[in-house]
Amino acid sequence: METKNAVEHPSFNSPKPILLDQYPKKNFWDFSDIFQSQGFWYTNPHLEAARDILAHFESRDDDIFLTSSIKIGTTWLKALCFSIIHGRKNVDVKVDEEEEDKEDDPLVKNTPSSCVQTIENEVYMTNPTPDLSGMPSPRLFHTHFPYSALPDSIKNSECKIVYITRNPKDTMVSMWHFFNSVRTPEQGPYPFDRAFESFCDGLYPFGPFFDHVLVYWEASLKKSDKILFLRYEEIKRDPKGLVKRLASFLGRPFVNEEEVEKVLRRCSLDRLKNLEVNKNGSTTVGLPTNSFYRLGVVGDWKNHFSHEMEERLDQISSMKLEKTGLDLNK
Ligand SMILES: Nc1ncnc2c1ncn2[C@@H]1O[C@H](COP(=O)(O)OS(=O)(=O)O)[C@@H](OP(=O)(O)O)[C@H]1O
């Protein structure tokens, strides 16, 4: 096999390096090189996974795909959907909040990322052609891929897609904190103004932000039975209402308010970030599990943005979202 210019990723040990010089390349925050394909930026392992997924992944009608760009609230959505689908065996048993950890909650022993695997990370990056045929239905997966990179079998089957997005300013701040948390003390934090520039230019894994959002938004308008479009801020504002909507969309409506409260309590940021399983250790692709939990508030950007930054991102936002009916600042 030709391996000229192939990039090695020892931690991912990719067995099928692909030729990368056909793709535009940039460096992402000193973290890794990223490559542009069909308007979106990918790391090399993600590009390889995208190719394998396109070639091999067969969706089932009862699959559920959670989709998002990065630092959007994916971990929360994973925990919520997993709890809605698999964590309601004891719905009739009223449990004291303090007893919660002792009962049969899979989230106590498993990170949300191991409960709902990101297909390009845990599934295909570590095993390019995994045999998923024995996996019981409903299969619950997550992906950061843009809609255009999803295989036809996902787009055309009866499977459901839940997309989540977030205010771009909070997303950018969350991303900055996340990638700083995986830098060495010698490297120190990446300069915020440079991070801001690359966010505005869409130069980060699975960027550009607005293009990612818009294609899912448009698809959700055309196929509202198949694609549920959610915003982080909506869930924060009305957690019960949104989680009920989510459960109904997934075909698992709640039977009473206690159930709703239980799922929300189990998936709260405070609880998850303090569970042992999320405090130590790392994901299969080497990211520290505690780096997925931070403040979880709406509006943290105000602590980081200058007035000029606020105006610039608002301008890009208005330009990109004009006439789409979508407002990400609400
Ligand atoms: N349970 C729960 N509830 C509310 N908010 C939560 C929860 N879990 C994670 N978070 C916040 O989500 C942000 C991380 O985004 P992602 O999970 O999308 O990250 S990733 O793309 O999967 O790496 C990050 O947001 P910031 O706090 O603003 O950085 C997390 O704190």
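FYI, side chains are in, hydrogens and waters are out, and symmetry mates aren't considered; it's all heavy atoms of this structure. One-based numbering, in listed order, for ligands and for the atoms of each. Model, not experiment: these values are computed from the prediction.
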Output for ligand 1, non-hydrogen cut-off under 4.0 Å, lists Ile70, Lys71, Ile72, Gly73, Thr74, Thr75, Trp76, His144, Arg166, Ser174, Tyr232, Cys267, Ser268, Leu269, Leu272, Phe292, Tyr293, Arg294, Leu295, Gly296
Is it the case that the ring center of Phe57 lies less than 6.0 angstrom away from the ring center of Phe141? yes
Parallel under 30°, tilted from 30 to 60°, perpendicular over 60°: which one fits the rings of Trp301 and Phe305? perpendicular
Look at the rings of Tyr147 and Tyr216 and say which category their plane angle falls in: under 30° parallel, 30 to 60° tilted, over 60° perpendicular. perpendicular
With Lys320, which residues qualify under salt bridge (Lys or Arg N to Asp or Glu O under 4.0 Å), at least two apart? Asp211
Just say parallel, tilted or perpendicular for the rings of His46 and Phe206, cut-offs at 30° and 60°. tilted
Does the plane of the ring in Tyr232 sit parallel, tilted or perpendicular to the ring in Trp76? Use 30° and 60° as the thresholds. perpendicular
